Amino acid sequence: MSAPDLSTRTRYEPSEVEPQTAQRWLDSGVFEPGAREPGAGPDDHYSIAIPPPNVTGVLHMGHALNGSIQDSLIRLNRMRGKRTKWILGTDHAGIATQTQVEKKLAREGRSRKELGREAFVVETQAWRKEYGGKIVEQFKRVGASCDYGDERFTMDEGYVTAVQKVFVDCFEQGLIYRDHYMVNWDPGSGSAISDLEVEEKEGVEDTLFSIAYPFADGDGEIVVATVRPETMFGDVAVAVNPSDERYASAIGRKVILPLSGGKEIPVIADDHVKVDFGSGALKITPGHDPNDFEIGRRHSLPAPSAIGEDGRLTALCGDFAGQTADEARTTVTDALRASGALRAEDPYVHTVPFSQRSGARIEPLISLQWFMNMEPLAGPAIDAVQDGRVRIHPPVQSRRYVEWLSEIRPWCVSRQLWWGHQLPVWYRGGDGDPQKTEAPETYVGIEPPQGEGWVRDEDVLDTWFSSALWPFATLGWPEQTQDLADFYPTNVLSTARDILFLWVARMVMLGLKFAGDVPFKDVYVHSVIQAPDGRRMSKSLGTGIDPIDVIEGGPRPPVFKQGGDFPAYGSDAVRFGLLAISTTQDVRFSEDKVQQGQQLSNKLFNATRFVLLQLEELGLGEIEAAPAPRTDADRWILSRLERVARATEQALDGFEFARAALGLYDFVYGELCDWYVELAKPRLRGGDPDVQRDLAATLLFAIDRTLRVAHPVIPFVTEELWSHLPGERDLLAQSTWPEADPSAIDEQAEAGIAALIEAVTAVRGWRERVGVKPSAVLPARLREPLGAELEASLQSLARVDLAAGSGDAVATVTTAGVVVDLLPDENIDLDAADRRLQARRDEIAGEIKRLEGKLSNAKFVERAPANVVQVERDKLAVLQEQLAAL
RNA sequence: GGGCCUAUAGCUCAGUUGGUUAGAGUGCUCGCUUGACAUGCGAGAGGUCACAAGUUCGAGUCUUGUUAGGCCCACCA
C-alpha cells in the first residue's frame, strides 16, 4: 500500500509520494529494455541517447526540460509496447573538468604541475567518482526513465577503444593530419580550442596605433594602423588594395620594420585590404592574425611567431623578447613614440575573441596541431537532412545546420590538456620537442608501436570528438552488438540549439561514416529557458533557478519579485510547467505554469479519490474498469477520452509538448471533473443498482484511461493513483497506451452534452446577473423537450425545477439549442430581470445588424465561397430566432 | 555586416491551409460551508492582436517597411 490514505487525505503531497515511486520504478527494472523478444523488428524498438551531462554538472533547468521531453517520449513508447532504451551516461568534459579540478587543487595549495600528469588524472578520476554521480541521482529524482543499469562514460574502457579506432581510421584515410596552422590559443587553459569554443565580445575598448614604416630607399613612409603593436616583429609585409591609387607606386617597394634592426619587408597588393579603413595600408602578421595568415599563404610569405604559447615575446623580438604581450604593448609603443614612428593613438571599440572556457582573450597563433578535414564528411551529412533521413524540428534549425555544414572548415581536434582521450600517436627521432616540431617518424595506432625510443603525443582530443560517437559508441561499437542492431539508429535526439554544430552535426557526420547510418531519425531542438524577467539564466547574475529547489522547496533566487522558499511543487509539477512553456526558441520560466501542474495533480488526486470512495460506499470497491455507457454523458466522456488520447499522442509524436501538457489540463478540468463527474453525481446517488454498477465501471474506466494518457507527462501522481485502483495491476509505467478506437467517437452525444453545457452556463450567468441567491431552485420550463437525461442534468447543474411553477415566463435564457423560460418566483428580482432582458436584446440586435450589413455587401455575397456565406446566413437565422424567443 | 526568432488581456502564452463577437491559465472584482478538491466551485470585468502601408469580399493570420527585445553566424587592421 502506498503512502497517502485516500479516505483521509484531501490534498496531494508530491513529497510523500515521489521518492518512493521513483524507487519502485528502479526496483522493478521497468526502465531497462529487458530481454529481446524473438521476432522483434526495428519498429518494435525505441531509443533515445541522452545528451551526456558533464561530470562536473548538477541538474539545471535545461536538463530538467530536456529530461521531461525525452522521458515523455520514452514513457509513451514504452506504453505502446516498444522495447525502449534511454541511453544514459556522462561526458568527461575535458577543459571544464580539468579547470574545476585545478581550482580545487589551488584551494588546497597544490597544483597540476606539481602532481604530474599521472597523479593528476588519478585525482580527476577520483573527483569524477565523487561528483559525477550526483546528476544521475537527480535524474532519478525527476523520474527520468533512463536505462540506469547500463550507464556509460565517454572515457570508460569500451568508449576509449571506439574513440581510438575512429581516430586511427580517419588518419589512415587521410582525414586526420598534423599541420602548422593558425589556432585559437587560449592562454587561460594553455590549450588550443576550436572555432566553436570562441566567443566574440562586442564593444571592447582598445587603442588603435598608427605607425610609420619608412621606405627602404629613404623616400617617404607608409602608415599602418594596428591594435596589436607588440606583434609587429612578426610582420612580413605591408599590404594595400591593388586599386588604391595612393599606393600604386608603393607596391613592390620595401619598407623598414621599425625597432627591428633595419629589417626590410615588401609592400604587396591584396584585395582583402579596405581602401577606406585607417590609412588604407595593413601590416601583415601571419603568425598572429587569421586574416593575415590567409594573406600570407596567398603570397607565399613566411609566418614567424612573435608571441609564443607561453604568451611571451619570442627571440624574434630582440630586446623585447621574454616580455608578456601586455608588457610589450607598453614598451613597444614607448619605443615607437621615442623614435618618432608613432603617428597617432586613437580610442577604438571593436569585437574581440575570448575563450568560452577560460574567459581569456584569444591569442591567435600558429602551432603544430592535429586537424580533421570535415569536408568529405559534410556532404553526406547535408544529404541526410535534405532527403529527410534526419528531420530537424523546428525546420528553421535545419537551415542553420545546412548552412554551417556548407562552409565547414578543418576541425582542430588536439588539446593541450591532461584530462581526456590521449592521442594514439607516437613519435621517434629528431632533436626537437616532438610536441612542437615534426619528428622524423610518426606512428598512429591503437596498439603502441614496437621498438625503442617512441614517445607518445601528450595531447588529448577535443571533448566533442568523443561526444560525436555517442549514439553508437554507447551501444558497443565497434563490436557488432545486439544492442547496436536493436537500438541504432536511435529514434530521437533532443537537445539545445547551442550545440547543433558542436555536437549534432558531428554525430551525423561520424555516425554516417562509422556506424553506416544516421545516428537518429528526428532531432528536436528544444526551447531555451530564460529567467522570469527575460534575462539569461545564470548563477552570477542571480537569475539561475535550480530545478531541485522548485521540486523540493528551496529558496527563490533574487530574480523573483516574491521572496521566500518555493513550495515543494514536486517533479510532476515542474515537468508539466516546463513542457507547458516549451514553445518557441526562447521562453521564460513560469512559476505559474508549475503551479498549474501542481493543481492538475491535485485535481486528479481528488477526482480519483472521489470515485474510489463512492465505489466503496456503494459496495462496488472491487468492480472492474470498463466502458458501460447508458447515457449521453457516458458516451460523451468515452468519446472525449478517445479524442484526448489521440490528441496527446499526436502532440508528443509531433514534439508539441506544450500542447500535450495543456491539452491534458483542459481535459481533466474542463471535461472530466467540471462536467462528467458532476453529471455522474446525481445518478450515483440514484439508487438503481444496475445503473450504479455500470456508472461505477465507466467512471473507473474514465479514471483509468486518464491516468494512462497523463502518465508520460506527470508520471508520479498517475503511478500513485493507479496503485489505488481496484484489481491486480502492474506498474502504470509498464501498462499499455490506449489504442485508437474510432468507434468510441460519438458525435451525437458530443453535440448533446455541448448544448447542455451551454445552457447550464447561460442559466448560471443569468442568475448571477439578476442576483438570484445561489441556493434558490427556480421554477422553469423548456420550450422544447430535451429528453429525460439532459433535463435532469440541467435541473441539478443550473438549479432549476422544470416540474414546478406556472404562469408566463418572467425571463428567458436562450442558447443555440435550448430555450429556458424562468417562471415567477419570489427569488427573482423582476426589475433586475427586466434590465438584463433589455441588455440581452440590445446585444443580439447589435449582432444581427452587423450580420445583415455583411450579408447585404454584394461583394461578399458574390466573391466569398458559398459555404462561408451560408454559415453567416445560418448565424443570422439563429440570432433572429433567439431574439424572437425573448 | 549577414541571418533567424519573438511582439495578442495586468502577467505567461494558445490561436495549425485567411472566414463566428480573438481564447486559456494566472492575477483582479463579485458571489458560494454546492457531501472529491478553498491547491475548490460559479460568475464577471479586461485586448485599436507593436506601428505603417499593401493584397483581399474579408487580415491576429499573407506581403513590404518601421520600431523594440532576444539569439546565431561573420576575417575590417
Side-chain angles (χ1 to χ4, degrees), chain A residues 6 9-12 200 208-209 224-228 239 272-274 276-285 289-295 348 350-351 364 394 396-397 399-400 403-404 407 497-498 500-501 528 530 532 534-536 567 573 580-581 583-593 595-596 598-614 656 658-659 662 665-666 669-670 673-674 677-678 681 685 761 764-769 771 773-775 796-797 799 843 846-847 850-851 854 857-865 867-869 871-872 874-875:
Chain A
L6 289 188
R9 270 269 174 233
T10 59
R11 283 161 43 159
Y12 175 64
E200 302 284 335
L208 187 63
F209 299 95
V224 296
T226 180
V227 291
R228 307 282 320 270
H272 172 261
V273 183
K274 300 275 186 289
D276 53 0
F277 188 91
S279 64
L282 172 64
K283 73 189 201 61
I284 302 300
T285 321
D289 184 283
N291 301 316
D292 292 5
F293 182 77
E294 294 299 330
I295 295 171
Y348 184 61
H350 63 148
T351 50
V396 61
Q397 299 297 340
R399 278 214 302 281
R400 288 182 61 215
E403 277 166 25
W404 183 76
E407 292 169 27
R497 68 170 177 274
D498 57 346
L500 188 64
F501 309 144
V528 171
Q530 302 171 328
R535 285 186 294 168
R536 202 173 197 129
I581 60 171
T583 51
T584 51
Q585 71 169 20
D586 293 306
V587 298
R588 296 179 181 200
F589 179 81
S590 161
E591 187 174 348
D592 282 349
K593 283 285 192 287
Q595 207 160 22
Q596 205 180 331
Q598 180 196 30
Q599 285 168 338
L600 174 61
S601 296
N602 190 58
K603 197 72 176 171
L604 271 177
F605 177 86
N606 273 295
T608 305
R609 171 173 178 259
F610 169 74
V611 169
L612 294 181
L613 293 181
Q614 290 294 308
E656 294 184 292
R659 193 180 291 277
L662 296 171
Y665 181 93
D666 288 342
Y669 267 74
C673 293
D674 287 355
V677 172
E678 293 305 321
K681 278 177 182 174
R685 296 187 211 113
T761 306
R764 283 171 175 171
W766 179 85
R767 293 175 58 119
E768 291 266 349
R769 284 168 195 269
K773 276 195 302 191
S775 56
S796 70
L797 295 174
R799 299 218 149 199
E843 244 176 82
E847 186 55 20
R850 198 188 64 83
L851 280 174
K854 195 169 185 180
N857 179 348
K859 285 184 174 175
F860 172 70
V861 179
E862 278 166 30
R863 302 199 193 178
N867 61 325
V868 172
V869 177
V871 166
E872 300 294 308
D874 292 349
K875 240 184 297 176

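Worth saying up front: this structure is predicted, and the values here are computed from it rather than measured. Chain letters run A, B, ... following the sequence lines, proteins first, then strands; residues in each count from 1.
Regarding A/K274, its NZ atom lies at a distance of 16 Å from the P atom of B/A74, rounded to whole Å. Rounding to whole angstrom units, CD of residue A/E407 and C1' of B/A74 are separated by 9 Å. Following rounding to the nearest Å, A/N291 (CG) and B/C76 (C1') show an atom-to-atom distance of 8 Å. The NZ-P distance, from A/K603 to B/G25, rounds to 12 Å in whole Å. Distance A/N867 CG to B/G18 P: 14 Å, rounded to the nearest Å. Between the CG atom of A/L600 and the P atom of B/A36 there is a distance of 20 Å, rounded to whole Å. Summarising the geometry, the separation between CZ on A/F860 and P on B/G58 is reported as 11 Å, rounded to the nearest angstrom. If you measure from atom CD1 of A/I581 to atom P of B/A14, you get 11 Å, rounded to the nearest angstrom.
Among the heavy atoms of the strands, none lies under 4.0 Å from A/P290. Contacts of A/T583 with the nucleic acid, taken as non-hydrogen atoms under 4.0 Å apart, involve only primed sugar atoms and P, OP1 or OP2. Using a 4.0 Å heavy-atom criterion, one finds that A/P865 contacts the bases of the nucleic acid, with or without backbone contacts as well. At a threshold of 4.0 angstrom between heavy atoms, the contacts of A/K854 with the nucleic acid are absent. The residue A/V273 sits close to a base: some heavy atom pair falls under 4.0 Å. Residue A/Q595 is classed as having no contact, given no heavy-atom separation below 4.0 Å to the nucleic acid. Among the atoms of the strands shown, none is found under 4.0 Å from any heavy atom of A/R228. Across all strands shown, A/E678 has heavy atoms under 4.0 Å from base atoms, whether or not it also approaches the sugar-phosphate. A/N857 comes within 4.0 angstrom of sugar-phosphate atoms only, judged by non-hydrogen atoms across all strands, and of no base. When heavy atoms are screened at a 4.0 angstrom cut-off, A/T761 is found touching the sugar-phosphate backbone but no base atom.
Scanning atom types as modelled, one donor and one acceptor separated by under 3.5 angstrom connect the side chain of A/R11 and the base of B/U39. Not a single donor-acceptor contact under 3.5 angstrom links the side-chain atoms of A/Q596 to the base of B/G25. Residue-to-nucleotide contacts include no donor-acceptor pair under 3.5 Å from the side chain of A/K593 to the base of B/A24. Judged by distance alone, with hydrogens and angles left aside, A/H350 brings no side-chain donor or acceptor close enough to the base of B/C76 to form a pair under 3.5 Å.
The aromatic rings of A/W404 and A/F501 lie parallel to each other, with less than 30° between the two planes, well short of the 60° mark. Taking the six-membered ring for Trp and thresholds of 30 and 60 degrees, A/Y669 and A/Y665 have nearly parallel ring planes, at less than 30 degrees apart.
At a threshold of 4.5 Å between non-hydrogen side-chain atoms, the residues A/V611 and A/Q614 do not count as touching. Side-chain contact between A/Y12 and A/N606 is absent, with no heavy-atom pair separated by less than 4.5 Å. Side-chain contact between A/R588 and A/I581: absent, with no pair of heavy atoms (C-beta onward) separated by less than 4.5 Å. Side-chain contact between A/Q596 and A/D592: absent, with no pair of heavy atoms (C-beta onward) separated by less than 4.5 Å.
Contact record, A/S279 with A/V224: OG-CA, 3.9 Å, taken as the closest heavy-atom pair. Taking each heavy atom of A/N602 and A/R11 in turn, the nearest pair found is OD1-CA, 3.6 Å.
For B/A77, the OP1/OP2 oxygens have a side-chain nitrogen or oxygen of A/Y348 closer than 4.0 Å. Under 4.0 angstrom from either OP1 or OP2 of B/C13 there lies no side-chain N or O belonging to A/S590. At the phosphate of B/G15, OP1 or OP2 sits under 4.0 Å from a side-chain N or O atom of A/R659. Dashed line: the shortest gap from a side-chain N or O of A/R767 to OP1 or OP2 of B/G42 is not under 4.0 Å. Dashed line: the shortest gap from a side-chain N or O of A/Q599 to OP1 or OP2 of B/A38 is not under 4.0 Å. Within the 4.0 Å cut-off from OP1 or OP2 of B/A36, at least one side-chain nitrogen or oxygen of A/Q614 is found. For the OP1/OP2 pair of B/G42 and a distance below 4.0 Å, the side-chain nitrogens and oxygens of A/K773 include no atom meeting the criterion.
Here B/C37 is the nucleotide among B/G25, B/C71, B/C37 with the atom lying nearest to any side-chain atom of A/R609. Distance from the side chain of A/D592 is smallest for B/U26 among the nucleotides B/A36, B/G42, B/U26. Considering only side-chain atoms of A/H272, the nucleotide from B/G42, B/C75, B/A36 that sits closest is B/C75. For A/R497, the listed nucleotide lying nearest its side chain is B/C71; candidates were B/C71, B/G40, B/C32.
Using a distance-only test at 3.5 Å, with no hydrogens or angles considered, a donor-acceptor pair links the side chain of A/R609 to the main chain of A/R9. Listed for the A/R767 side chain is a donor-acceptor partner under 3.5 Å among the backbone atoms of A/R799.
Along RNA chain B, the nucleotide nearest to A/K859 and the one nearest to A/F501 differ in position, and the one closer to the 5' end is contacted by A/K859.
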**Message:** Once pairs are restricted to Watson-Crick or G-U wobble with both distances under 3.5 Å, how does RNA chain B read as a dot-bracket string, [ ] for crossings and | for other-strand pairs?
**Reply:** (((((((..((((.....[...)))).(((((.......))))).....(((((..]....))))))))))))....
